Amino acid sequence: MRRTSPLLLALLVLLLLPPPSQLRKAGQGRRLKVGRRLLRRDRVRGQGRQGRSGDSRHQVPECSEYSDSEDLFVDCQGRKLSSIPTASSWSRAPDHLLLARNRIRALHDGAFSGFEGLRSLDLQQNRISVLEEGVFLGLIHLTTLLLQHNRLGTLSEEALIPMPALRYLRLHDNPWSCRCTLDSLVRTLQVPSNRNLGNHARCAEPVGLRGRKLRQVDPELLCVELEPPSDPPDPQWEDQRDSTYPLQPIPIRGKPDATTSCHTYLFPTPRLDCRSRDLAEVPADIPGDMVHMDLSQNTLRRLKARDFVEARSLRSLNLSDNNLEDMDTASLSGLLHLHELDLSNNNLHFFHYGVLEDLYFLSLLRLGGNPWVCDYSIHYLVYWLRLHPGVSHSGLLCHSPPELRGKSVEDYVHSYNRACSQTEHSQTEYGQTDPELWVTSMELQEEMEPAHLRGQQKYHVTRLN
């Protein structure tokens with residue numbers, strides 16, 4: 001048997017091996033397969049976090065979880081979400097879900113599957129223009145639904161039927177199209193027992209119904225639709241269309257409404273956000289259950305009497321960064337539970353006597369950034385603070401007169417009183433202000449009037465030296 005040369009065997013092995021380029025391609029192929037497998041795994045995880053959106057390019061940011069009286073609140077406000085996260089994203093299904101100030105455009109059927117225990121849902125200040133009829137299926141415990149400040153033009157009563165416990169529904173600041181498709185919703189809102197559903201929502205179109213509240217519009221007018229003639233439209237047709245809707249009297253321009261002018265947040269505590277709304281006066285109809293109200297960065301110049309008389313539950317009130325020059329004596333009347341008041345960065349010179357008398361529980365008062373005038377008119381504020389030592393205050397500095405600028409207002413009042421007491425003491429020594437010499441106008445009249453002409457005395461004057 002012939003022996004094969006080692007050299008010949010080596011040549012045969014080299015001939016059977018593939019070229020080096022193919023070996024490199026095979027290695028690259030294996031690496032590509034591994035990369036694709038890892039990418040698929042990451043996509044699946046991303047989809048789980050993203051919910052039903054199917055978009056793996058954006059991950060859901062972390063939402064805050066906190067408990068109050070055994071209720072779980074999940075706060076996803078302002079997180080740039082474009083879809084509803086899944087209920088399994090948190091430790092347990094939440095009782096209250098806050099999704100305000102996001103980028104949600106549509107709510108599809110089954111979007112809240114797994115949230116059957118939800119009792120409040122805040123979807124305000126999104127971009128919602130589509131809301132399918134089955135989106136709220138299973139939410140039988142929901143009592144509060146906030147949909148204000150979105151882009152909804154129509155909504156069917158069918159979408160509300162799965163929520164038998166619904167008691168509070170906010171729909172204002174949406175461009176409602178008051179046509180036939182809105183008929184069932186309008187009739188539902190006008191049921192007397194639904195007095196807290198859609199109170200401030202108004203028609204945006206057609207022109208004949210624009211501005212009317214959904215709760216007040218005649219449902220029979222919603223399906224009135226005049227078709228234009230096929231020929232070039234006659235100007236009289238426009239008049240006929242507008243005359244179809246009964247004319248409404250032009251309302252007297254009143255104060256802006258708090259619910260429509262401001263953003264309302266109910267959780268974790270009721271709060272009315274009216275910042276930077278270009279308000280020239282305190283809005284009307286402040287909900288009585290509001291605990292915090294922010295009116296900063298507006299153009300308020302004066303607080304009128306009873307401006308906050310309906311806001312009896314307020315604990316904090318922010319009026320900073322306005323143009324406040326004057327506060328009526330009764331402007332803060334009724335705020336018996338107010339704890340914090342911010343009046344900084346305004347144009348206040350002094351307080352009228354009695355303006356603070358209802359603030360029994362005030363603990364924090366911010367006064368900085370005001371041009372306080374250090375004369376006798378500022379004394380009331382200092383005396384009130386002295387009688388309420390539990391009130392922490394800041395920013396009370398003289399702005400005028402120039403010789404007192406930058407000095408503490410309290411130091412000015414103290415020095416004023418000390419100077420007055422010294423003056424009174426020196427005058428008393430010379431008999432110029434002896435209390436025994438004080439004569440009232442009534443006493444002077446009694447002395448000058450003849451005794452037989454004096455009638456029955458209605459008043460008795462007692463001098464307290």
Side-chain angles (χ1 to χ4, degrees), residues 46-55 58-152 155 159-174 196-198 263-273 289-292:
Q47 289 172 358
R49 289 188 297 265
Q50 191 70 9
R52 295 172 179 82
S53 67
D55 184 0
H58 305 287
Q59 294 183 358
V60 175
E62 291 292 333
C63 298
S64 302
E65 295 184 37
Y66 54 92
S67 297
D68 184 13
S69 301
E70 298 184 357
D71 284 1
L72 177 62
F73 291 79
V74 173
D75 187 352
C76 298
Q77 299 180 98
R79 306 302 174 95
K80 301 180 180 180
L81 299 180
S82 59
S83 63
I84 308 299
T86 59
S88 60
S89 303
W90 304 290
S91 57
R92 65 179 175 89
D95 302 289
H96 308 276
L97 182 57
L98 313 180
L99 289 165
R101 304 193 308 276
N102 281 294
R103 299 175 180 177
I104 301 170
R105 296 179 180 272
L107 296 176
H108 299 293
D109 293 345
F112 295 98
S113 176
F115 290 92
E116 286 74 17
L118 207 58
R119 296 210 296 275
S120 70
L121 176 59
D122 189 350
L123 288 161
Q124 64 177 299
Q125 301 176 63
N126 276 276
R127 305 171 186 178
I128 302 170
S129 59
V130 176
L131 198 154
E132 297 181 357
E133 292 183 356
V135 65
F136 300 124
L137 281 175
L139 302 186
I140 60 175
H141 302 291
L142 195 73
T143 61
T144 302
L145 176 59
L146 307 182
L147 286 167
Q148 67 266 33
H149 308 293
N150 276 288
R151 301 175 183 177
L152 289 168
L155 179 64
L160 305 181
I161 291 177
M163 299 178 288
L166 192 63
R167 296 293 177 268
Y168 298 95
L169 174 64
R170 301 291 182 262
L171 297 172
H172 55 270
D173 199 21
N174 280 282
N196 290 320
L197 302 186
H263 295 312
T264 305
Y265 302 98
L266 299 182
F267 301 97
T269 54
R271 176 168 60 94
L272 199 62
D273 185 0
D289 59 348
M290 289 296 110
V291 175
H292 308 286

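Note that the structure is a prediction, hence the values are computed from the model and not measured. Note: hydrogens, waters and symmetry copies are ignored here, and every other heavy atom, side chains too, is used.
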Could you pull out the closest heavy-atom pair between [X] and [Y], with the gap in Å?
X	Y	result
Ala111	Ile84	O-CG2, 3.8 Å
Leu146	Arg170	CD2-CG, 3.4 Å
Glu65	Ser91	OE1-OG, 2.9 Å
Ala159	Phe136	O-CD1, 3.5 Å
Leu139	Phe115	CD2-O, 3.2 Å
Gly114	Ala93	O-CB, 3.9 Å

For a 4.5 angstrom cut-off between non-hydrogen side-chain atoms, does [X] reach [Y]?
X	Y	value
Ser120	Tyr168	no
Ser64	Arg79	yes
Leu137	Pro162	yes
Pro85	Leu99	yes

Legend entry - salt bridge (charged side-chain N to carboxylate O under 4.0 Å, His left out) contacts touching residues 90-101 (sequence neighbours left out): Arg92-Asp95, Asp95-Arg119

Legend entry - Mutual orientation of the aromatic rings belonging to His263 and His149 [parallel < 30°, tilted 30-60°, perpendicular > 60°]: perpendicular

Donor-acceptor pair, [X] side chain versus [Y] backbone, under 3.5 Å?
X	Y	result
Asn174	Arg151	yes
Asn102	Leu81	yes
Asn126	Leu123	yes
Ser89	Thr86	yes

Quick one: [atom1] on [X] to [atom2] on [Y], what's the gap to the nearest 0.5 Å?
X	Y	atom1	atom2	value
Thr144	Asp122	OG1	CG	9.5 Å
Leu121	Phe112	CG	CZ	4.5 Å
Arg127	Ser82	CZ	OG	10.0 Å
His96	Leu142	NE2	CG	10.0 Å
Leu171	Leu155	CG	CG	6.5 Å
Ser129	Asn150	OG	CG	9.0 Å

Legend entry - Val74 vs Cys63, side-chain contact (heavy atoms from CB on, under 4.5 Å): CA-CA, chis, key distance, verdict: CA-CA 7 Å; Val74 173; Cys63 298; 4.0 Å; yes

Legend entry - Residue that, paired with Tyr265, satisfies side chain to side chain donor-acceptor pair (under 3.5 Å) out of Gln125, Gln77, Arg271, Gln124: Gln125

Inset, instruction - Decide whether His108 and Glu132 meet the rule of one side-chain donor and one side-chain acceptor closer than 3.5 Å. - result: yes

Inset, instruction - Answer yes if the side chains of Thr264 and Gln148 hold a donor-acceptor pair under 3.5 Å, and no otherwise. - result: no

Legend entry - Evaluation steps, side-chain contact (heavy atoms from CB on, under 4.5 Å), between Leu166 and Thr143: CA-CA 4 Å; Leu166 192 63; Thr143 61; 5.9 Å; no

Inset, instruction - Evaluate the criterion side-chain contact (heavy atoms from CB on, under 4.5 Å) for residue pair Leu107 and Ile128; output intermediate values, then yes/no. - result: CA-CA 7 Å; Leu107 296 176; Ile128 302 170; 4.0 Å; yes

Inset, instruction - Tell me, yes or no, whether the heavy-atom count around Phe73 atom CZ, taken from other residues, nucleotides or ligands under 6.0 Å, exceeds 12. - result: yes

